[in-house]
Amino acid sequence: ETLDKGLEKSKTSFFSKLSKAVAGKSKVDDEVLDDLEEVLVTSDVGVDTTLKIIERIEERVARDKYMGTEELHGILREEIAGLLSETHQGEATDFVIPEGAKPFVVMVVGVNGVGKTTTIGKLAHQFRQQGLKVILGAGDTFRAAAIDQLQVWADRVDVPIIKQKMGSDPASVAFDTLSSAVNQDADVVLIDTAGRLHNKVNLMNELGKVKRVMQKVIPDAPHDVLLVLDGSTGQNAFEQAKQFTKATEVTSLAVTKLDGTAKGGVVIGISDQFQIPVKYIGVGEGIDDLQVFNKYEFVDSFFN
Ligand code: GDP
């Protein structure tokens with residue numbers, strides 16, 4: 001029910017737009033499909049993914065010869081869940097660390113302001129609550145504020161943080177953090193990175209170097225490269241996903257600020273376009289306002 005609450009805005013908006021699109025119509029015709037296309041696009045599902053969904057529905061209409069508008073909700077929900085199933089295999093509902101990697105190393109990437117630090121703090125809190133030993137690495141050495149903010153979260157959650165002064169080499173911070181994690185027998189390492197996009201080659205080089213240096217301590221690190229995106233920024237989030245996936249291999253996504261947007265469809269579009277699973281969603285500024293993404297719950301929250 002917290003998910004429902006957090007996604008209230010996305011939900012009511014999508015649902016009411018959809019209801020408006022089919023109001024007074026009994027069957028799904030070209031006009032309804034046009035309206036549906038608009039609802040999906042304005043909910044930030046993205047044009048490509050929207051067309052994919054519309055095409056699937058058109059195929060069903062053509063095959064079945066008739067589709068009542070009252071069936072549309074159910075069919076749309078099925079198609080969207082199906083689409084998400086291409087990237088979301090599991091149905092995790094809890095914050096779990098895969099077995100085998102100790103420490104489990106997560107490199108967190110994303111541009112400034114998307115909620116990267118907050119997401120790291122919230123994640124640290126979740127793992128800490130499970131009794132896991134967590135260490136943070138302040139790898140965004142480009143901004144003093146980034147180091148300070150991560151320190152605030154480390155204090156709040158009561159986990160150690162490895163940091164150096166502003167301007168130092170992020171790869172060196174990563175090296176120190178992993179070494180310390182190994183020495184202290186930590187379970188989870190969350191490493192922040194600088195999120196400058198203005199120079200793609202720099203970003204690529206920097207993230208590449210951080211990775212290579214990490215691997216000197218733990219050969220298969222990082223085990224997860226988590227890209228944080230602000231769900232309220234629509235096309236910007238798509239653009240950032242494009243840039244980061246070009247710069248490094250992104251293995252999972254966190255989409256934040258879904259509490260403040262009427263456009264939760266970005267989760268569906270981004271996951272589909274980039275074929276990367278959304279692992280977490282941010283639904284508020286509080287320490288507990290991070291949830292493990294569950295495709296069924298998410299799709300249902302749109303339609304119930
Ligand atoms: P960073 O620059 O990417 O590290 O961004 P921060 O973690 O500092 O977050 C930027 C702002 O977004 C802060 O005011 C956060 O409280 C806020 N924020 C982060 N995640 C969420 C979320 O899921 N919902 C809302 N409403 N605000 C969020």
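Whatever order the structure lists them in is the order used to number ligands and atoms, beginning at 1. For the numbers below, each heavy atom of this structure counts, side chains included, while hydrogens, waters and symmetry mates do not.
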Just jot down the ligand 1 atoms closer than 4.0 angstrom to any heavy atom of [X], in number order.
X      : value
Gly282 : 23 (O)
Gln149 : 8 (O)
Gly113 : 1 (P), 2 (O), 3 (O), 5 (O), 10 (C)
Val283 : 23 (O)
Arg143 : 2 (O)

Ligand 1 contact on Gln291 by region, counting heavy-atom pairs under 4.0 Å: neither
Per-residue contact class, Thr117 against ligand 1 - non-hydrogen pairs under 4.0 Å: both
The one among Leu150, Asp259, Thr256, Val255 that brings a heavy atom closest to atom 26 (N) of ligand 1: Asp259
Closest to atom 9 (O) of ligand 1 (judged by heavy-atom distance), picking from Leu229, Asn112, Thr118: Thr118
Inter-residue atom distance Thr119.OG1 - Trp153.CH2, 0.5 Å rounding: 8.5 Å
Nitrogen or oxygen of Thr119 less than 3.5 angstrom from that of ligand 1: no
Members besides Ile147 in its Ile/Leu/Val/Met/Phe/Trp/Tyr cluster (side-chain heavy atoms under 4.5 Å): Met166
Within-shell test, Asp289 vs ligand 1, heavy atom, strictly < 4.0 Å: no
Sub-4.0 Å heavy-atom contact, Val111 with ligand 1: yes
Residue list, salt bridge (charged side-chain N to carboxylate O under 4.0 Å, His left out) with Asp185, at least two apart or on another chain: Lys102
Test log, rule salt bridge (charged side-chain N to carboxylate O under 4.0 Å, His left out), inputs Asp224 and Lys279: CA-CA 11 Å; Asp224 192 11; Lys279 216 172 200 177; 2.7 Å; yes
Check: Pro103 and Ile135 side chains under 4.5 Å, non-hydrogen atoms: no
